[in-house]
Amino acid sequence: MGLLSLGTPLHWDQAKHYAEHVRYHGISQFLNTWDRLKDRQGDELLWGDEVEYMVIQLDTDNKDAVLSLCQTEVLAKLQALTDDMNTKTGSSAVPPVFHPEYGRYMLESTPGAPYSGSVHDLLLVESNMRLRRHLARSNLKPDQIPITLTSFPRMGVPGKFTEPYYDPTEAVSSHSLFLPEQITNPHARFPTLTANIRRRRKSKVAINLPIFIDNRTPRPFIDPTTPWHRDVFPEDAEARNGAALIDHIYMDAMGFGMGCCCLQLTFQCCNIDQSRRMYDALIPIGPIMLALTAASPLWRGYIADVDCRWNVIAGSVDDRTEEERGLKPLKENRMQIPKSRYDSVDLYISETWMNRPEYNDNPLPIDQSLYDRMRKHGIDDLLSKHIAHMFIRDPIVIFSELIDQDDTKSTDHFENIQSTNWQTLRFKPPPPNSPIGWRVEFRSMEVQMTDFENAAFAVFIVLLSRAIMSMNINLYIPISKVDENMRRAQQRDAVNQAKFYFRREVFTPASSRATSGATTPNGVTTFSYASSTISGASPNGNGTTNGLHHLAYPNGCPRRKQRVMENCFPPPPPPDDGLAGKDVSEEYAEYTMNEIISGRGDAFPGLIGLVEAYLDTLDLNDSEQRRITSYLNLIRRRANGSLKTAAAWTRDFVRSHPSYNLIRSERGVRRAPDLLPEDYTGSNEDPSS
Ligand code: GLU
Ligand code: MG
């Protein structure tokens with residue numbers, strides 16, 4: 001989850017005096033990157049996924065499963081193993097990489113080298129994920145397993161939920177009533193983050209998830225497992241003084257949030273402009289994918305009335321003071337701040353004509369002097385605002401040895417702020433001394449129980465990003481509506497129950513919308529397209545198309561089907577009749593998940609329809625076609641409710657099996673026809689079996 005610098009971390013009382021220093025030099029570092037790399041062009045598609053795991057310790061005698069706090073030893077073993085693989089295989093097959101994460105029971109893995117834009121690599125994703133799980137498992141003890149659950153159902157219950165057991169009354173960083181100090185990765189960054197967030201906020205973090213109410217829920221629900229009268233730390237009184245809400249599951253530590261697991265993807269873009277366009281395009285996709293991947297209904301031994309981790313993590317790192325949260329008039333702090341450091345994106349940043357100023361309708365506190373500095377340096381309004389908005393935050397962890405840096409060589413201060421703004425999307429400048437270009441990270445998805453599902457979502461997003469960029473798809477809606485979608489996405493069974501704001505007409509005059517493709521004997525493909533324009537679409541969402549045309553795809557017709565996904569796309573040309581467009585409020589409507597994913601008649605082919613149109617331009621062999629079709633089917637069936645999300649499946653499992661335990665769910669996944677499609681072969685394909 002970010003930069004792991006080494007050194008002596010400062011207590012908040014000292015660190016706060018360096019906040020201005022870090023911000024000032026962070027911007028200097030960004031300006032240096034900008035000067036060096038703003039004109040960098042032509043980077044190919046390279047991309048990767050990050051999967052986070054929990055290591056579970058099984059106690060077969062007692063039929064129990066707890067979190068194994070074995071991260072340090074396991075990472076050391078995995079490091080030795082992958083070093084060894086490196087020496088043996090040379091550079092031909094790069095072994096995966098394992099990283100530490102917040103929880104001392106967590107592992108994170110990435111492929112050793114990024115995937116390329118080659119179609120062939122799409123099929124490597126799942127097998128690479130399987131290899132990573134296999135490597136992790138084979139370096140654990142026989143009674144330990146790595147699992148990809150988003151939230152650990154029994155974390156923070158009374159009694160034992162970790163191996164080894166630790167007493168929660170000595171949680172010196174978090175002051176939690178529930179989680180021991182040892183739940184946290186011992187690297188100085190993590191306990192310091194935990195403690196300094198609490199110190200800056202001047203209270204413990206307070207997360208309250210509504211409890212799921214059925215006929216077995218006592219009402220009012222006043223949690224008997226909360227030690228209401230414990231007073232080891234002064235903040236212990238917060239629970240009884242109102243921090244813990246009735247009818248809610250109360251959580252009071254960073255570990256409840258940052259101890260959750262997710263699936264993230266990072267893409268290298270052609271240049272800075274295209275990374276800004278892709279960042280924007282994926283913003284409205286964030287909540288859609290959160291709802292589709294919902295996987296965390298169980299918290300601290302209870303069933304919550306929400307399905308996702310998002311707001312738990314937001315609350316778990318919320319370092320804002322009461323003044324900043326608008327609960328008290330401003331006296332010591334400089335501004336009110338509407339959101340936590342972990343939250344949804346507040347600003348579209350592309351300069352494309354599609355990005356109308358009206359879409360940026362969220363309050364946007366910025367650091368004015370840093371904004372002015374970037375503007376003076378020649379950076380445009382939107383990018384300056386984006387950075388100046390992130391830079392309203394204080395650096396939480398400062399290492400005394402790293403205070404003075406060479407701003408032409410280091411980006412440590414910039415990264416200090418950037419990597420503690422955990423948003424649905426991250427716009428990532430090229431790192432120093434590296435061949436890597438401008439990137440975008442997609443961060444909203446919850447991790448799935450199987451690698452089949454994780455690969456399906458990863459491959460879907462990479463294909464969707466290509467479809468959007470190559471077909472000039474416009475997905476903009478007001479960013480406040482994206483926030484409303486984030487709220488809805490977390491509701492119980494949002495996939496089936498909620499409607500989401502979505503753009504009515506996603507095609508632009510420059511869009512080419514494939515409706516059929518035909519391959520001629522020489523392998524050249526021609527397409528028929530129905531093209532439609534903003535003005536040609538009917539506002540009721542039934543949409544009109546302006547007839548079929550043979551159009552270039554994407555810029556030259558006919559063209560050969562490709563084995564490599566492109567990464568550089570010409571900027572979408574503005575409409576001939578100017579940019580006036582209609583009133584923004586007429587540009588979007590509320591749709592079901594099924595309509596967003598699978599489309600609605602002629603008006604919109606659905607995100608899968610866009611992906612399929614794009615796939616038509618690729619030269620896929622049969623096995624690639626089959627695998628990708630099975631990925632798209634999983635997503636289609638999640639969206640139409642014929643397969644459950646992990647959240648719904650887990651909730652139902654717990655409700656119908658009072659003797660639920662994790663061993664059964666881990667093995668049971670293979671035989672869960674309501675969760676996984678019939679053709680799922682599961683871990684039969686694992687290298688271990
Ligand atoms: N585990 C966090 C999540 O579930 C993300 C941490 C990271 O940025 O790597 O969103
Ligand atoms: Mg991570």
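Every heavy atom of this structure was used, including side-chain atoms; hydrogens, water molecules and symmetry mates were not.
Using a distance-only test at 3.5 Å, with no hydrogens or angles considered, a donor-acceptor pair links the side chain of Thr148 to the main chain of Met449. Side-chain atoms of Asn208 do not come within 3.5 Å of backbone N or O of Ala244 as any donor-acceptor pair. Checking side-chain atoms of Asn333 against main-chain N and O of Met335 turns up no donor-acceptor pair under 3.5 Å. In terms of modelled atom types and a separation under 3.5 Å, the side chain of His248 and the main chain of Tyr250 share no donor-acceptor contact. For Tyr588 (side chain) and Leu475 (main-chain N/O), no donor-acceptor pair under 3.5 Å exists by modelled atom type. With Gln71 contributing its side chain and Gly103 its backbone, the two residues share a donor-acceptor pair below 3.5 Å. Although no hydrogens or angles enter the test, the distance criterion places no donor-acceptor pair under 3.5 Å between the side chain of Arg200 and the main chain of Ala195. Looking only at distances, no side-chain donor or acceptor of Glu101 sits under 3.5 Å from a matching main-chain atom of Met106. Of the possible donor and acceptor atoms, one in the side chain of Thr150 sits under 3.5 Å from a partner among the backbone N and O of Val447. Although no hydrogens or angles enter the test, the distance criterion places a donor-acceptor pair under 3.5 Å between the side chain of Arg341 and the main chain of Thr420.
Phe98 and Tyr53 have tilted rings, their planes meeting at an angle from 30° to 60° on a 0 to 90° scale.
When all heavy atoms of Val345 and Asn362 are compared, the closest pair comes out as O-ND2, 4.4 Å. Closest non-hydrogen pair, Ala294 versus Thr645, comes out as O-CB, 3.4 Å. Between Glu181 and Ser174, the shortest heavy-atom distance links the atoms OE1-N, 4.3 Å. Considering all non-hydrogen atoms of both residues, Ser340 and Ala314 come closest at OG-O, 2.8 Å. Residues Asn640 and Asn496 approach most closely at C-OD1, 4.2 Å, considering heavy atoms. In this structure, Leu58 and Ala65 approach most closely via the heavy-atom pair CD2-CB, 4.1 Å.
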inquiry  = Applying salt bridge (charged side-chain N to carboxylate O under 4.0 Å, His left out) to Glu163 and Lys160, what does each step give before you reach the verdict?
reply    = CA-CA 8 Å; Glu163 171 60 42; Lys160 179 168 172 166; 2.5 Å; yes

request  = With salt bridge (charged side-chain N to carboxylate O under 4.0 Å, His left out) as the test, would you mind laying out the steps for Glu238 and Lys202 before giving the verdict?
outcome  = CA-CA 11 Å; Glu238 287 172 11; Lys202 301 197 177 90; over 6 Å; no

task = Evaluate the salt bridge (charged side-chain N to carboxylate O under 4.0 Å, His left out) criterion for residues Lys481 and Asp361: first the C-alpha distance (whole Å), next the side-chain angles of each, then the deciding distance (0.1 Å), finally the verdict.
result = CA-CA 9 Å; Lys481 293 289 180 271; Asp361 63 345; 5.9 Å; no

query = Between Arg133 and Thr450, is a side chain to side chain contact (heavy atoms under 4.5 Å, CB included) present by the stated rule, with each step listed?
reply = CA-CA 10 Å; Arg133 192 184 293 261; Thr450 66; 5.8 Å; no

task = Give the intermediate values and the outcome of side-chain hydrogen bond (donor to acceptor under 3.5 Å, both in side chains) for residues Thr225 and Arg300.
result = CA-CA 9 Å; Thr225 69; Arg300 215 159 61 60; 3.2 Å; yes

message = Before you tell me yes or no, could you show the steps for Gln491 and Asp307 under side-chain hydrogen bond (donor to acceptor under 3.5 Å, both in side chains), namely the whole-Å CA-CA distance, both residues' side-chain angles and the distance that decides it to 0.1 Å?
response = CA-CA 6 Å; Gln491 290 171 349; Asp307 276 359; over 6 Å; no

task = Carefully, step by step, assess Asp346 and His389 under the rule side-chain hydrogen bond (donor to acceptor under 3.5 Å, both in side chains).
result = CA-CA 9 Å; Asp346 273 323; His389 179 49; 2.8 Å; yes

inquiry  = Using the rule given for side-chain hydrogen bond (donor to acceptor under 3.5 Å, both in side chains), can you reason through Ser109 versus Glu50, listing the C-alpha separation, both sets of side-chain angles and the distance that settles it, and then say yes or no?
reply    = CA-CA 6 Å; Ser109 78; Glu50 290 164 62; over 6 Å; no

task = Decide yes or no on salt bridge (charged side-chain N to carboxylate O under 4.0 Å, His left out) for Arg393 and Glu324, but give the supporting numbers first.
result = CA-CA 11 Å; Arg393 310 287 172 173; Glu324 288 167 333; over 6 Å; no

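Close placement of the Trp310 and Tyr342 rings is indicated, their centers lying within 6.0 Å of each other. Between Phe502 and Phe604, the distance from one ring center to the other falls under 6.0 angstrom. Centroid-to-centroid, the aromatic rings of Phe152 and Tyr105 stay 6.0 Å apart or farther. Between His386 and Tyr279, the ring center distance clears the sub-6.0 Å criterion. For Phe500 and Tyr591, the distance between ring centers is not under 6.0 angstrom. Proximity of the aromatic rings of Tyr631 and Phe452 is defined here by a centroid distance below 6.0 angstrom, and this criterion is met.
To the nearest 0.5 angstrom, Tyr680 atom OH is 12.5 Å from Leu643 atom CG. For the atom pair CD1 of Ile197 and OG1 of Thr192, the computed distance is 10.5 Å after rounding to the nearest 0.5 Å. Of the inter-residue distances, the one linking Ile288 atom CD1 with Ile635 atom CD1 reads 13.0 Å to the nearest 0.5 angstrom. The CG atom of Leu177 sits 5.0 Å away from atom CZ of Arg230, with the distance rounded to the nearest 0.5 Å.
Electrostatic pairing of Glu484 and Arg487 counts as a salt bridge here, judged by a charged N lying under 4.0 Å from a carboxylate O. A salt bridge is defined here as a Lys NZ or Arg NE, NH1 or NH2 lying under 4.0 Å from an Asp or Glu carboxylate O, and Asp652 with Lys644 meets this definition. Using a cutoff of 4.0 Å between basic side-chain nitrogens and carboxylate oxygens, Lys499 and Glu595 are not scored as salt-bridged. In summary, Arg638 and Glu453 engage in a salt bridge, as defined by a charged side-chain N under 4.0 Å from a carboxylate O. Salt bridge Asp493/Arg651: absent, no basic N to carboxylate O contact under 4.0 Å.
Applying salt bridge (charged side-chain N to carboxylate O under 4.0 Å, His left out) to Lys204 and the options Asp318, Asp252, Asp319 leaves one that passes, Asp252. A side chain to side chain contact (heavy atoms under 4.5 Å, CB included) with Leu290 is found for exactly one of Met445, Glu446, Arg488, Arg443, namely Glu446. Only one option out of Val462, Leu634, Leu265 pairs with Phe457 in a side chain to side chain contact (heavy atoms under 4.5 Å, CB included); it is Leu634.
Checking Ser151 against Arg309 by side-chain atom types alone, no donor-acceptor pair falls below 3.5 Å. Side-chain atoms of Asp280 and Tyr476 include a donor-acceptor pair closer than 3.5 Å. In this structure, a donor-acceptor pair under 3.5 Å is present between the side chains of Thr217 and Asp214. In this structure, a donor-acceptor pair under 3.5 Å is absent between the side chains of Tyr102 and Glu52. A donor-acceptor pair shorter than 3.5 Å can be found between the side chains of Ser642 and Arg637.
Remark: Thr110 pairs with His99 by the side chain to side chain donor-acceptor pair (under 3.5 Å) rule, at least two apart or across chains. Taking the ring pair (Phe, Tyr, Trp, His ring centres under 6.0 Å) definition, one finds that Phe212 meets it with nothing, sequence neighbours left out.
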